[in-house]
Amino acid sequence: KCAEGFTDTKYMEMLLVKEHFLRRYGTIIRRYKIMNDMQKEGVQERLPQFCAPIFPKCDSIDRLFAVIYLLVGYAFIYACSSYTFEQNLALFTIFYGAVVLAYLWGKEIRPSKESWFWLGVMLSIGVPYAFWSTVHLLQVPVLMAVAAYWTLSASGRLMKDGRTSQWVIFDGWNALVEVPFCNFICQVQVLFQKKDQETDGKKPVGGAGGILLGLLIALPALAVILPLLSSADAGFQYLIENMGVSLGDHLLVVLLRMFFAVPVSFYLFGLIFGGVHGKDTDRIQEEKLIKAAASVRRVPDTAICTALTVICLVYCLFIGLQGAYLFSAFGGRIPEDLTYSEYARRGFFELCRIGAWNLIIAGCAGGCSRSGRREHKGVGVLLLLLSVLTLLLLATAVSKMGMYISVYGLTVNRILPLVFMLWMGIAFFCMILRQWKDFPAVRCCILAGAVMFCLLCLFPIEDWTELYNTWA
């Protein structure tokens, strides 16, 4: 201020500029200081949302499994591109489970109790695929989804206490999309992450860089040693020549497999690395989902009751008019103008679809009503009535299929709809019990569905149907 030519007006202008600068950029400066202090202290916990995330510190276990997962990615591509796909996929399922468990135990993470159930589900779906398959189109994609879900479950990163819950769809999204793709390049970062220690004032070359350097050093030595060894022994010379011919014949195939194995390796390692270190596993939070579910509860109870009443009346009218036709299968009788096949097929799949739609309607009605299921008795009573009517329709469909099987025998295509209807029956039975008792109904339905699907994959259903049709 005392400098020559520095007036009070200029001083006030400078103060105003400083105040404006602090108002605009002060928050950014404070955030940068917080990040800098936390990095100096080595804090690895999740930072506040306004801070840029710090990449977790990695140890030798992380670097070792970053290399191993390159082999995992290549093994997956090899299994998918081989002539013996079924057998190789079964072996890969066992190999993948062993690698994940080894990584978790190496990081001193003990898998949760429920994760062992999902490991059993994964093995029950994948291993029998080498010998037989009942659900050809579904078995492989379901196996991949279960493997990703089990990986997140074993690392304890499921949304609600590390267990399957009503948020299973969001847990599945995390396992299949969110976590692996958010950590897609973590394998590269782990392999080439620089160590903090210094030796003689120079940073050592370690990890993948050291391996690559060692290979480059070994190449000139091998160029000298291998010809000498080949000249010394005819057997070794024959081995080297055959290896060269085999490598030349299969080089293009190997390179193509390596090309596709790299992104698969990035995906799989991103999933397990995110689960082990908790990186990008909490982007979808339970508290936000609860608030979102509460915000959806805006439909008046009167509107919900009216819609459910209309639907239930239609079902009652349908059952009343078609009672003799629908329930004749319970007595083993069919209408005179229909054959057994026509009677069984007519309306069977329509009734299955009606059951599935009623499950969606009941879920939407319970989730969108302004009051809870117990706060408004009308909604609860109508949901109970809808569940009972749906169970009645499912029972008629099952009776028609049972009579059809007794006449024409068993096939896989007749067993699968029966299993699906059994699962829907369990779902509606859980919905009925929820009107009186609180329990994790969604969890029970998911676990029951997983067990049923495992039983379909675990046993040779097609062979058993042939035995039944022969001896029945």
> Nearest 0.5 Å, what's the CG-CG distance between L119 and L101?
Replying inline: 6.0 Å
>> Restricting to non-hydrogen atoms, name the atom on V135 and the atom on C457 that form the minimum distance, rounded to 0.1 Å.
In response: CG2-SG, 4.0 Å
> Does a side chain donor of either Y96 or T151 reach within less than 3.5 Å of an acceptor in the other side chain?
Replying inline: yes
>> My understanding is that only one of T411, L418, N469, T465 makes a side chain to side chain contact (heavy atoms under 4.5 Å, CB included) with I405; could you say which?
In response: L418
> Is S265 reaching over with its side chain to a backbone N or O of A261, donor-acceptor style, under 3.5 angstrom?
Replying inline: no
> Is the number of heavy atoms from other residues, nucleotides or ligands within 6.0 Å of CD1 (I290) greater than 12?
Replying inline: yes
> When rounded to the nearest 0.5 angstrom, what is the spacing between CG in L455 and CZ in F459?
Replying inline: 6.0 Å
> Under 3.5 Å, side chain of E178 to main-chain N/O of D280, donor-acceptor pair present?
Replying inline: no
>> Quick one, F76 with F260, criterion side-chain contact (heavy atoms from CB on, under 4.5 Å). Give me CA distance, side-chain angles, the key distance, then yes/no.
In response: CA-CA 10 Å; F76 178 78; F260 290 104; over 6 Å; no
> Do Q166 and P440 come close enough that some side-chain heavy atom pair is under 4.5 Å?
Replying inline: no
> Using a distance-only test with no angle check, is there a side-chain donor-acceptor pair under 3.5 angstrom linking T164 and E114?
Replying inline: yes
>> For C445, is there any backbone N or O sitting under 3.5 Å from a side-chain donor or acceptor partner on W423?
In response: yes
> Hey, what's the ring geometry for Y129 with F85, parallel, tilted or perpendicular (30° and 60° as the breaks)?
Replying inline: perpendicular
>> For T134 and E462: C-alpha separation, side-chain torsions, deciding distance, then whether side-chain contact (heavy atoms from CB on, under 4.5 Å) applies.
In response: CA-CA 7 Å; T134 303; E462 192 169 355; 5.8 Å; no
>> Please check: side-chain N/O of D59 versus main-chain N/O of I61, any donor-acceptor pairing under 3.5 Å?
In response: yes
>> Let's go through D463 and L467 carefully: what are the C-alpha distance in whole Å and the side-chain angles of both, what is the deciding distance for side-chain contact (heavy atoms from CB on, under 4.5 Å) to 0.1 Å, and is it a yes or a no?
In response: CA-CA 6 Å; D463 295 339; L467 289 175; 5.7 Å; no
>> Can you tell me how far apart CD (Q87) and OG (S82) are? Round to the nearest 0.5 Å.
In response: 8.5 Å
>> I'd like to know whether OH of Y78 has more than 12 heavy-atom contacts from other residues, nucleotides or ligands below 6.0 angstrom.
In response: no
>> Under 4.0 Å between a side-chain nitrogen and a carboxylate oxygen: does that hold for D62 and K57?
In response: no
> Who pairs with I360 by side-chain contact (heavy atoms from CB on, under 4.5 Å), at least two apart in sequence or on another chain?
Replying inline: W357, C364
>> To the closest 0.5 Å, what do you measure between OG1 (T93) and CE (M122)?
In response: 6.5 Å
>> Do L359 and T390 have side chains that approach each other closer than 4.5 Å (heavy atoms only, starting at C-beta)?
In response: no
> If every non-hydrogen atom of T281 is compared with every non-hydrogen atom of G274, which pair is closest and at what distance?
Replying inline: CG2-O, 3.3 Å
>> Apply side-chain contact (heavy atoms from CB on, under 4.5 Å) to residues V121 and I125 and explain how you reach the verdict.
In response: CA-CA 6 Å; V121 172; I125 297 173; 3.8 Å; yes
> With no hydrogens and no angle check, do the side chains of S81 and R257 hold a donor and an acceptor under 3.5 Å apart?
Replying inline: yes
>> Can a donor-acceptor pair be found, under 3.5 Å and without considering hydrogens, that links the side chain of R297 to the backbone of G366?
In response: yes
> Taking side chain as C-beta onward, heavy atoms only, is Y103 less than 4.5 Å from F273?
Replying inline: yes
>> Any carboxylate oxygen within less than 4.0 angstrom of a Lys/Arg side-chain nitrogen, looking at R157 and D171?
In response: no
> What residues, two or more places apart in sequence or in another chain, satisfy side chain to side chain donor-acceptor pair (under 3.5 Å) together with S124?
Replying inline: none
>> Going by side chain to side chain contact (heavy atoms under 4.5 Å, CB included), V99 matches just one of L71, I94, V72. Which one?
In response: V72
> Looking at F65 versus Y69, is the centre-to-centre ring distance below 6.0 Å?
Replying inline: no
> Do M159 and V168 come within less than 4.5 Å of each other through their side chains, counting heavy atoms only?
Replying inline: no
>> Is there a side-chain contact between L271 and N183 in this structure, where contact means two heavy atoms from C-beta onward sitting under 4.5 Å apart?
In response: no
>> Can you give me the closest heavy-atom contact between G367 and V296, atom names plus distance?
In response: O-CG1, 4.3 Å
> Can you tell me how far CZ of F170 sits from OG of S165, rounded to the nearest 0.5 angstrom?
Replying inline: 10.0 Å
>> I want to know whether Y267 and F181 have ring centres closer than 6.0 Å.
In response: yes
>> How close do C312 and L389 get, counting heavy atoms only, and between which atoms?
In response: O-CD1, 3.8 Å
> What is the distance from atom CD1 of I319 to atom OG1 of T396, rounded to the nearest 0.5 Å?
Replying inline: 7.5 Å
> Counting distance only, does the side-chain N/O of R163 pair as donor-acceptor with the main-chain N or O of L158 below 3.5 Å?
Replying inline: no
> Just by modelled atom types, is the S115 backbone N or O under 3.5 Å from a matching donor or acceptor in the W150 side chain?
Replying inline: yes
> Do you know which two heavy atoms are closest between S112 and G162, and how far apart they sit?
Replying inline: OG-O, 4.1 Å
>> Can you confirm whether L383 sits close enough to I432 that some side-chain heavy atom of one is under 4.5 Å from a side-chain heavy atom of the other?
In response: no
> Looking only at atom types and distance, does a side-chain atom of Q187 sit under 3.5 Å from a main-chain N or O of A66, one as donor and one as acceptor?
Replying inline: yes
> For the residue pair C444 and C430, what are the closest heavy atoms and their distance?
Replying inline: CB-SG, 4.5 Å
>> Just checking F429: does its CZ atom have more than 12 heavy atoms from other residues, nucleotides or ligands closer to it than 6.0 angstrom?
In response: no
> Going by heavy atoms in the side chains, are N358 and Y315 under 4.5 Å from each other?
Replying inline: yes
> Side chains of V188 and F266: does their closest heavy-atom pair fall under 4.5 Å?
Replying inline: yes
> More than 12 foreign heavy atoms under 6.0 Å from CD of E287: is that the case here?
Replying inline: yes
